[in-house]
Amino acid sequence: MKIFDSILDPLRALYPELAGADLPLTAPPSLEHGDIAVPFFLAARRLKQAPPKLAADAAARAEFSDLVREATSAGPYLNLRLDRSRAAREILEHILAAGDHFGAGNTGQGLHAVIEHTSINPNASPHLGRARCAMIGDSISRLFRFEGYDVEVHYYVNDMGRQIGLLVLIADELGSLSFDQILDAYVRANARAEEDPAFAEAGYALLARMEEGAPEVQAKFKAVTDLCLQGQLAVLARIGARYDVFDRESQYVRDPRLEQVQDALRAREALFIDAEQRLVVDLSKLGYTQEEGRFFVLMRANGSSMYGYRDLAYTIDKHQRGADLDLIVLGEDHKLYAQQLALILGAAGFPAPEAVYYSYILLKSGKMSTRQGKVVLLADFLDQASALAAERVAEQCAEFDVVEQRRIAEQVAVAAVRFAVLRVGPNKNMIFDLETALSFQGDTGPYIQYSCARIRSILRKYGQPLPGTLPEAIQAEDPAEWALLLRLASLPDVIETAVIQRNTSSIAQFALDTARLFTTFYHECPVLTAETPALTQSRLQICRATLRTLQNALGILGIEIPERM
RNA sequence: GCGCCCGUAGCUCAGUUGGAUAGAGCGCUUGCCUCCGGAGCAAGAGGCCACAAGUUCGAAUCUUGUCGGGCGCGCCA
């Protein structure tokens, strides 16, 4: 609870041997205990005393500022009852002053971050599993930008490889290929390569010519991958995922830095040519202890390169652009691969990027399966959600023109997926239930948007802009007001944790809790019809601060807040 | 088989650098629209926190084992 940190100064004066982190400020389980609480476990350990004894001692001896009305100990806790109105004013003032930076720890000032995410294979419209990567990566990018980092988002375009070669062959046969046909063509090409060795061989041959630099072959690869990439990016743009730099895999085939890597591997006797004439790394020479995954193939017998070989050059390249923070968001299926890559890079003296892993999305009916048609495409979900939302918007915002109504419906649809996906910790398999995600009820993105729309409705009805400064006296004695304000004040702590853990799911939880607390406040504490004009002014300020806080939190999640919905 | 991740209410998820009575939503039961937006609110029922042992003043949280789910161990990317 960073905002109230100065409350603890009297305790620090009392126990000068304590470090700052020894005295955390937490919310009590219920407001009946107090408005704010200090657990004494850490302090007790440092001072070698029993926690309850120390808490009692602190309650008896500390002389707090007049912000604190009462200090009582309860077991190992020191519970403080505050002058809520005075404390509320401090919180509101802090939020008002910080504005769209409220919550930011500014740990990224002057630092450059390179974040790679999504980087999906150019073979189909993205399904929810792929989109999870994009949402997590996009949200982390927003988080670090919020923290003050200069963030550069990279997208690695897999514009070559055996499967693209096969796809080019199919495209040639068909004469033309559209984005919608690509997945089908991709599946057919791979199936055919398995049963038809001549077709597979033609694919490899095409790939080899591509690597040798044959212009007409390169043009074909580019045409196919561009078609797919543009289709994918159009869908990703709907959920607000933006990329600054597109790096093409084909640029890294003959990278001179790969010679350097090979030399380093030879020096460690970790590079050899196997019986099938492939160029292989023996990772056991680099400290890898398992037998499984010990060998890493760099080049095929015909001299064409493997994915990992090009990725080495790419990873070095990203690092050499001067990243203070080099992050990559990867599916959990890439864990071993990333470990292998890191070992090879390490042997050549290059650092590996820090990886954030996400697990797969499952459906109620089990795993997603493209072949069985058991997939939820991001585009399909957005279409359905947007259509449902549009019906509600047409009723409630009838006076808006159709274009505006559609825009709002799309914002609701995006909030529904982004919140559903981002609220779950990335390392957990999550089960996506289409029906629940389309209901917009309960713990959902649209619920949070709805709370914000209510705030805006109140501010609109008030009919005049709020003053830029707070009134002298703020009234906030109601438990609903206080609980909400206390939550708002915790945003900096939530962000700090999110930055450290590279995980924004706690921010989603924060936004939901805040929206719920606001709704309770909304029902308990009339704003425009409050008992006195002064109370109305106080509550208007609480409304504004809540909206500001939710804007900042939802901004990191990539969820927009419609004026009305 | 070996390695990594996960297992919390009927279902979907929070809570995990060990700390106050394990929290939401959905579904179920019961109330609430002359009152700032019912995409809502209030209340109720529903938990050997997968199982077993251990560490600790204290374990959903840490350790080990068992069971269950996900992922990986390719001339795929």
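In what follows, chains are A, B, ... by sequence order, proteins preceding strands, each numbered from 1. FYI, side chains are in, hydrogens and waters are out, and symmetry mates aren't considered; it's all heavy atoms of this structure.
- Spacing between B:G40 and B:G47 at atom P, rounded to whole Å, works out to 26 Å.
- For B:C33, the O4'-C1' to base torsion is within 90° of 0; the nucleotide is therefore syn.
- Side-chain contact, A:Tyr450 with A:Gln441: no donor N or O sits under 3.5 Å from an acceptor N or O.
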Between the protein and nucleotides 5-7 of chain B, list the N/O to N/O atom pairs that are separated by less than 3.5 angstrom.
{"from": "B:C5", "atom 1": "O4'", "to": "A:Lys335", "atom 2": "NZ", "distance (Å)": "3.4"}
{"from": "B:C5", "atom 1": "O2'", "to": "A:Asn427", "atom 2": "O", "distance (Å)": "2.9"}
{"from": "B:C6", "atom 1": "OP1", "to": "A:Asn427", "atom 2": "ND2", "distance (Å)": "3.2"}
{"from": "B:G7", "atom 1": "OP1", "to": "A:Lys428", "atom 2": "NZ", "distance (Å)": "3.4"}

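- OP1 and OP2 of B:C4 both lie 4.0 Å or more from every side-chain N or O belonging to A:Tyr337.
- Across the C1' atoms, B:C71 and B:G27 are found 32 Å apart, a figure rounded to whole Å.
- Residues A:Met160 and A:Arg310 are in side-chain contact: their nearest non-hydrogen atoms beyond the backbone lie under 4.5 Å apart.
- Remark: B:A14 base-pairs with no nucleotide; criterion is Watson-Crick or G-U wobble with both hydrogen-bond distances under 3.5 Å.
- The side chain of A:Thr520 contributes an N or O atom lying less than 4.0 Å from OP1 or OP2 of B:A42.
- Residue A:Arg300 has its side chain nearest to B:C75 when only B:A39, B:G38, B:C75 are considered.
- Going from the C1' atom of B:A77 to that of B:G15 covers 37 Å, rounded to whole Å.
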Could you go through nucleotides 17-20 of chain B and list every protein N or O atom that sits under 3.5 Å from one of its N or O atoms, giving the distance for each pair?
{"from": "B:G19", "atom 1": "O2'", "to": "A:Tyr77", "atom 2": "OH", "distance (Å)": "2.1"}
{"from": "B:A20", "atom 1": "N6", "to": "A:Asn79", "atom 2": "OD1", "distance (Å)": "3.1"}
{"from": "B:A20", "atom 1": "N1", "to": "A:Asn79", "atom 2": "OD1", "distance (Å)": "3.1"}
{"from": "B:A20", "atom 1": "N1", "to": "A:Asn79", "atom 2": "ND2", "distance (Å)": "3.2"}

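- Map A:Pro426 and A:Arg564 each onto its nearest nucleotide of RNA chain B; the residue landing nearer the 5' end is A:Pro426.
- In this structure, A:Met299 reaches neither bases nor backbone, as no heavy-atom distance under 4.0 Å exists between it and the strands shown.
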Tabulate atom names and distances for all N/O pairs under 3.5 angstrom spanning the protein and nucleotides 62-68 of chain B.
none

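- Annotation for A:Lys53: atom NZ does not count as buried by contact number, only 12 or fewer foreign heavy atoms lying within 6.0 Å.
- Out of B:C2, B:A77, B:C36, the shortest distance to the side chain of A:Leu528 is found at B:C36.
- Between A:Val297 and A:Glu524, the residue anchored closer to the 5' end of RNA chain B is A:Glu524, taking for each the nucleotide with the nearest heavy atom.
- Heavy-atom contacts from other residues, nucleotides or ligands closer than 6.0 Å to CZ of A:Arg45 number 12 or fewer.
- The side chain of A:Val393 has B:A39 as its nearest neighbour among B:A39, B:G72, B:G25.
- Among the atoms of the strands shown, none is found under 4.0 Å from any heavy atom of A:Thr436.
- A:Tyr314 and A:His154 have tilted rings, their planes meeting at an angle from 30° to 60° on a 0 to 90° scale.
- Within 4.0 Å (heavy atoms only), A:Ala50 reaches no atom of the nucleic acid at all.
- Looking only at side-chain heavy atoms (C-beta outward), A:Ile542 and A:Phe518 stay at 4.5 Å or farther from each other.
- With distances taken from any side-chain atom of A:Asn121 to the nucleotides B:G25, B:G1, B:A77, the minimum falls on B:A77.
- For the residue pair A:Tyr337 / A:Asp311, a side-chain donor-acceptor distance below 3.5 Å is found, with atom types taken as modelled.
- Taking atom C1' in both B:C26 and B:G46, one finds a spacing of 13 Å when rounded to whole Å.
- Ring centers of A:Phe432 and A:Phe381: under 6.0 Å apart, within the cut-off.
- Residues A:Tyr307 and A:Tyr252 keep their aromatic ring centres 6.0 Å or farther apart.
- Cation-pi geometry between A:Arg392 and A:Phe440 is not met: the NZ or CZ atom fails to fall both under 6.0 Å from the ring centre and inside 45° of the normal.
- Closest approach to the A:Leu336 side chain among B:G40, B:C73, B:G70 is made by B:C73 (side chain taken as heavy atoms from C-beta onward).
- Residue contacts for A:Asp433: at a heavy-atom cut-off of 4.0 Å it reaches no nucleic acid atom on any strand shown.
- When each of B:C36, B:C11, B:C2 is scored by its nearest atom to the side-chain atoms of A:Lys364, the top-ranked nucleotide is B:C11.
- B:A14 and B:C32: their P atoms are spaced 35 Å apart (whole Å).
- A 4.5 Å side-chain heavy-atom check between A:Val499 and A:Glu496 finds every atom pair outside the cut-off.
- Contact annotation for A:Gly75: no contact, since no heavy-atom pair falls under 4.0 Å across all strands.
- The CD1 atom of A:Ile361 sits 14 Å away from the P atom of B:U12 (whole-angstrom rounding).
- The separation of B:A43 from B:C48, taken at their C1' atoms, amounts to 28 Å, rounded to a whole angstrom.
- The 12-atom threshold is exceeded at CZ of A:Arg564, counting heavy atoms of other residues, nucleotides or ligands nearer than 6.0 Å.
- When heavy atoms are screened at a 4.0 angstrom cut-off, A:Gly425 is found touching the sugar-phosphate backbone but no base atom.
- Residue A:Cys525 is in base contact, counting any heavy-atom pair closer than 4.0 Å across all strands shown.
- Relative to the side chain of A:Arg392, the nucleotides B:A77, B:G40, B:A39 differ in distance, and B:A39 lies closest.
- Relative to the side chain of A:Gln441, the nucleotides B:A39, B:C36, B:C75 differ in distance, and B:A39 lies closest.
- Looking at heavy atoms from C-beta onward, A:Asn429 lies in side-chain contact with A:Glu332 at the 4.5 angstrom threshold.
- Within 4.0 Å of A:Val527, counting heavy atoms only, lies at least one base atom of the nucleic acid.
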Residues A:Arg407, A:Glu404; criterion salt bridge (Lys or Arg N to Asp or Glu O under 4.0 Å); working and verdict
CA-CA 5 Å; A:Arg407 203 176 67 86; A:Glu404 180 62 15; 3.3 Å; yes
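- Using atom C1' as the reference point in both B:G44 and B:G7, the two lie 29 Å apart (nearest Å).
- A:Glu291 comes within contact range of no nucleotide atom at all, as no heavy-atom separation falls under 4.0 Å.
- A:Tyr204 comes within 4.0 angstrom of sugar-phosphate atoms only, judged by non-hydrogen atoms across all strands, and of no base.
- Of the candidate nucleotides B:C71, B:C75, B:C36, B:C36 has the atom nearest to the side chain of A:Lys461.
- Searching all strands for a Watson-Crick or G-U wobble partner of B:G3 with both distances below 3.5 Å returns B:C71.
- The side chain of A:Tyr307 has B:A77 as its nearest neighbour among B:C13, B:A77, B:C36.
- Here the separation of B:G23 from B:A45, taken at their P atoms, is 13 Å to the nearest Å.
- Dashed line: the shortest gap from a side-chain N or O of A:Arg423 to OP1 or OP2 of B:C13 is not under 4.0 Å.
- A distance of 12.0 Å separates CZ of A:Phe199 from CD of A:Glu194, quoted to the nearest 0.5 Å.
- Using N1 to N3 plus N6-O4 or O6-N4 for Watson-Crick, or N1-O2 and O6-N3 for G-U wobble, each under 3.5 Å, B:A50 pairs with B:U66.
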Take A:Arg132 and A:Tyr360 through the test side-chain contact (heavy atoms from CB on, under 4.5 Å) and record every step on the way to the result.
CA-CA 8 Å; A:Arg132 189 180 195 184; A:Tyr360 285 16; over 6 Å; no
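- Taking side-chain N and O atoms only, A:Lys367 has a distance below 4.0 Å to OP1 or OP2 of B:C71.
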